[in-house]
Amino acid sequence: MKKKIFNAKPLLDAKIDASVNFTAGGDILVIPCPWEQDKEVTVKGKRVRYRAGVEVDADGRTRVKHYLDGMNGPKHDTLFETPHGAVKMTRPMFPPSDNGRRRISEEFVYVTFKFPKKYGAGLIRALYREEADEIAAYLTTRKEETVWA
């Protein structure tokens, strides 16, 4: 199954004449010309905010490339949870290649605990021992070899 990373379709299908102003602070201001007032320039009548990288050539040609924020999904898979702890594993960075060769990517296992401050030190120690034992039992049942760094 292939993941759909980005659907590249143009924001507007029409070209618009505009005034482009480069300010001393590095900002770029694009203002549509008055004769372009009849064209729809916004998305659904609202202001839209993008995160992007801007490249300006010596001749003034400008490219704006958006960042692909949040398009890859979560960075960790949750393997096991306790009431105050979780065991998470990073996702492999490289998918299996098409030519039959395997690309190696490391996966890391993280164990995190979050206890409320109102519990007190004694209760936190007791709960930590219980939940750490549960997590250790889970890790010993895994068929994969766990390398501790």
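Throughout, residue positions are numbered sequentially from 1 according to the sequence presented.
- Here CG of Leu79 is found 10.5 Å from CD1 of Ile135. Values are rounded to the nearest 0.5 Å.
- Residues satisfying the side-chain contact (heavy atoms from CB on, under 4.5 Å) criterion with Tyr110, sequence neighbours excluded, are His76, Thr90, Phe108.
- The side-chain contact (heavy atoms from CB on, under 4.5 Å) test applied to Ser19 returns Asn21, not counting sequence neighbours.
- In this structure, the separation between CZ on Phe113 and CD1 on Ile124 is 12.0 Å, given to the nearest 0.5 Å.
- Here the straight-line distance linking atom OG1 of Thr141 with atom CZ of Phe80 works out to 8.5 Å at 0.5 Å rounding.
- Going from atom NZ of Lys88 over to atom CD of Glu81 covers 7.5 Å, rounded to the nearest 0.5 Å.
- Not counting sequence neighbours, the partners of Pro116 by the side-chain contact (heavy atoms from CB on, under 4.5 Å) test are His84, Lys118, Tyr119.
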